[in-house]
Amino acid sequence: MKNRKECSGNGVVLRRMLRGSVRYFVICILSGVTFTALELIIPQILRLTVDSVIGDKPVRLPGALQSLWEGLGGSEYFRAHMGILAAMLIGVGLLSAVFRYAMNLYSSIACETMVKTSRDLLYHQIERLPWSWHMKNATGDIIQRCTADVERIKTFFQEQFVSVFRIIVLIVLSLACMVAMNWRLSIIALVMFPIIILYSLLFHNKIRERFTDCDEAEGVLSTIAQENLTGVRVVRAFGREEFERERFEAQNQEYTNLWVKLCYTLSQFWAVGDVTSCLQVMLVVVFGSILCVNGDMTKGEFISFAFYNAMLITPVRRLGRMISEMSKAGVSVNRLAEVLNAPVEEDAPGAKIAPMDKDISFAHVSFSYETGPEVLHDVSFTIPAGSSFGILGATGSGKSTLLLLLSRLYAPTKGKITVGGVDLASMPAKWVRENVGVVLQEPFLFSRTIEENIGITGATAEEIRAAAITACVDGDIRQFAKGYGTMVGERGVTLSGGQKQRVAIARTLTQKTPVIVFDDSLSAVDTETDESIRKNLSERVHGVTQILVSHRILTLLGCDRVLVLEHGRVKQLGTPEELLQQDGLFREIYQVQMAVGEEEPA
Ligand SMILES: Nc1ncnc2c1ncn2[C@@H]1O[C@H](COP(=O)(O)OP(=O)(O)OP(=O)(O)O)[C@@H](O)[C@H]1O
Ligand SMILES: [Mg+2]
């Protein structure tokens, strides 16, 4: 609840992302502003030097500075000690270099801190989001949000945000100095600014569109490359190399064309920008010269004015880019807010743990995924504690869905699931998952050693070894040169399908749960190994409720009771012997598998 309140609105999201980095941003902004203010002193020193030290014009300085100048001996003194003016220039230059250094340093520290906070926030949030959220969102997109979007916000803060303050100070102070020296020339200098800001804004919107096109094309290109690398076996097996190469080349060409298009726009931007800047300089030089010749402006003022004018052009040109980048960063903040504001998985109020080594009952359970029709219809059955329960059903009949409900990864739309009479929905999700060990239909192994993969639950070396022996994979592991220390490839490529399944079984066994679910987890091992694993399980793992989804009749015959699912409905339910007496899928499968003669009932 608290979390949801906290996350309302993108402003709040931004504030959370900036937690810990605000103080660095403040130092950075103060340093930037000081550095800019110091830079603005230099044209004034030049003005004084030209007008009053080299020339003989009276000195015009604000209040205390005028007294200081006079106190030191006025223009005469400085004429005799020109070194002081040079030292002042060097001093101001050095001081502004120090502040510039601090600005850059703290800008990097602030932005990196913000990136770290954002990634931590996102990762923390993603870990707490429900399974259904993960099913709805593509992995690539989530990764893109955690990397590219965070990076885009960082770029905005690093390159634009701090500059905003600097540019405001620069514009305000420069204009104040310019107006103080000559208000008429200031108006001429100002004429071009709106034009510069407008064209730069228009261009940057165009550039942003082109960049987005390039980004998208790059995404497609890397997906093609990634698919070809991961699916290399399929490509080779079907002789699709030529086709895939042409597909890659076409996309590569498209990507290159988009970049060239972007470069055209960028070149036009810089060319138009240079012309407008030249116009601005030219206007100031021409009108400034006229004013100078007519005696309405001193030479020193003219030089100083030209300096301020030149100092202003680049930042003003950047204002357009800044506005454009701000909207780009805004899109990224939105994308992060979608993740950070997504409702996290929460237990029912007052959720309490209850023993899980009891009878499991599905009572009139119906379920439909958020998208799509109902996949389970009024399913009811009971699994006695400590028994083995088989589930048989055609593909898509809802077997895995049943198991997802039992793990509380989804909740039934109708009906309820109870363990020992206690509703699963009234227990904490974490507790349920700690007590229901699942061997997934498609086992996933981490790119770590076999030992780390099995011992993910924090099991000791002995426990890992014992689980591997029960899962009949110890022998295979020992054959590897590095034994349990063998690294499993990115997707477990160094292991065969059957080995991966057995490592996954061993991993679940180390969890020592009162309920173990095997979702077709022995499909890739031969009948003999399947039998040995089941024998080991019955000998070594006592009192555990086993739920086995399988298409192998031998496995099902070994179960105490079997459920036959058909299109999400309970079609048959009973002991294997009872089911053999009835017409239905169970007997059909029995007859087909026996006729093939692959398997003999034990
Ligand atoms: N995340 C999901 N969103 C929407 N529909 C889904 C989702 N997962 C599964 N389904 C649909 O639910 C139905 C049941 O799927 P389920 O995975 O439970 O079948 P299954 O019996 O385990 O099949 P198999 O034997 O092939 O593993 C299918 O029609 C499937 O398309
Ligand atoms: Mg399944």
Side-chain angles (χ1 to χ4, degrees), residues 126 129-142 342-345 360 362 364-381 383 388-417 424 429 432-433 436-445 497-498 500-502 504-505 507-508 515-525 527 530 546-556 559 561-573 579 584-586 588-590 592-593:
I126 286 168
L129 285 169
W131 166 269
S132 53
W133 185 89
H134 285 275
M135 291 296 103
K136 270 192 302 215
N137 292 281
T139 317
D141 183 59
I142 303 173
V344 296
E345 187 173 41
I360 299 168
F362 277 64
H364 306 290
V365 168
S366 296
F367 177 75
S368 51
Y369 288 98
E370 272 174 57
T371 52
E374 200 172 79
V375 291
L376 290 176
H377 319 278
D378 195 22
V379 173
S380 296
F381 60 88
I383 308 170
S388 59
F389 190 81
I391 302 178
L392 173 69
T395 170
S397 55
K399 305 179 295 294
S400 297
T401 308
L402 267 185
L403 306 181
L404 292 177
L405 293 179
L406 183 60
S407 304
R408 264 207 58 179
L409 289 170
Y410 287 108
T413 358
K414 278 189 222 140
K416 62 178 180 178
I417 305 166
L424 212 59
V432 174
R433 288 171 207 154
V436 179
V438 181
V439 187
L440 297 170
Q441 190 164 12
E442 287 160 15
F444 174 81
L445 299 184
K500 265 200 269 179
Q501 281 190 337
R502 281 174 287 153
I505 293 175
R507 173 166 66 196
T508 304
V515 183
I516 304 184
V517 171
F518 299 88
D519 191 357
D520 218 0
S521 321
L522 294 168
S523 57
V525 300
T527 339
D530 180 336
Q546 290 178 39
I547 304 172
L548 298 113
V549 170
S550 179
H551 292 106
R552 195 172 269 161
I553 205 71
L554 198 58
T555 310
L556 297 168
C559 291
R561 293 184 89 209
V562 175
L563 164 78
V564 180
L565 263 190
E566 200 177 287
H567 302 302
R569 292 181 199 282
V570 176
K571 190 73 181 168
Q572 292 176 282
L573 181 64
L579 297 191
L585 187 66
F586 190 83
E588 274 170 36
I589 298 241
Y590 176 85
V592 170
Q593 291 188 6

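Start at 1 and go down the list; that is how both ligands and their atoms are numbered. Worth knowing before you read on, the calculation uses all heavy atoms, side chains too, and leaves out hydrogens, waters and symmetry mates. Numbers here are sequence positions counted from 1.
Under a 4.0 Å heavy-atom criterion, G398 is in contact with ligand 1.
Nearest protein heavy-atom neighbour of atom 10 (N) of ligand 1: Y369 CE1, 3.3 Å. Given atom 13 (C) of ligand 1, the protein heavy atom at minimum distance is V375 CG1, 3.6 Å. Of the protein's heavy atoms, K399 NZ, 2.7 Å lies nearest to atom 25 (O) of ligand 1.
Among all heavy-atom pairs drawn from V570 and L565, the shortest one is N-CD2, 4.1 Å. Minimum interatomic distance between C559 and S388 (heavy atoms only, all atoms of both residues): CA-OG, 3.3 Å. Nearest heavy-atom pair across S521 and L440 is OG-O, 4.3 Å.
Taking a cutoff of 4.0 Å between a charged side-chain nitrogen and a carboxylate oxygen, R433 and E345 qualify as a salt bridge.
Remark: the backbone N or O of G393 is paired with a side-chain donor or acceptor of K399 at under 3.5 angstrom. No donor-acceptor pair under 3.5 Å is formed between the side chain of S366 and the backbone N or O of T413.
Distance check, rounded to the nearest 0.5 Å: NE2 of H551 to CG of L585 gives 8.0 Å. Rounding to the nearest 0.5 angstrom, the gap separating the CD1 atom in I589 from the CG atom in L556 is 8.0 Å. Taken to the nearest 0.5 Å, the CD atom of Q501 stands 9.5 Å off from the CG atom of D530.
Between the choices T395, T401, V549, the shortest heavy-atom distance to atom 26 (O) of ligand 1 belongs to T395. For atom 29 (O) of ligand 1, the candidate residues are G396, S132, S397; the nearest heavy-atom contact is made by G396.
Atom 21 (O) of ligand 1 lies below 4.0 Å from at least one non-hydrogen atom of the protein.
Residue contact check: S400 has heavy atoms under 4.0 Å from atoms 17 (O), 18 (O), 20 (P), 22 (O), 27 (O) of ligand 1.
T401 and Y369 share a donor-acceptor pair across their side chains, judged by distance under 3.5 Å alone.
The part of Q441 lying near ligand 1 is the side chain, judged by heavy-atom distances below 4.0 Å.
With a cut-off of 2.8 Å, the protein N/O/S atoms near the Mg ion (ligand 2) add up to 2.
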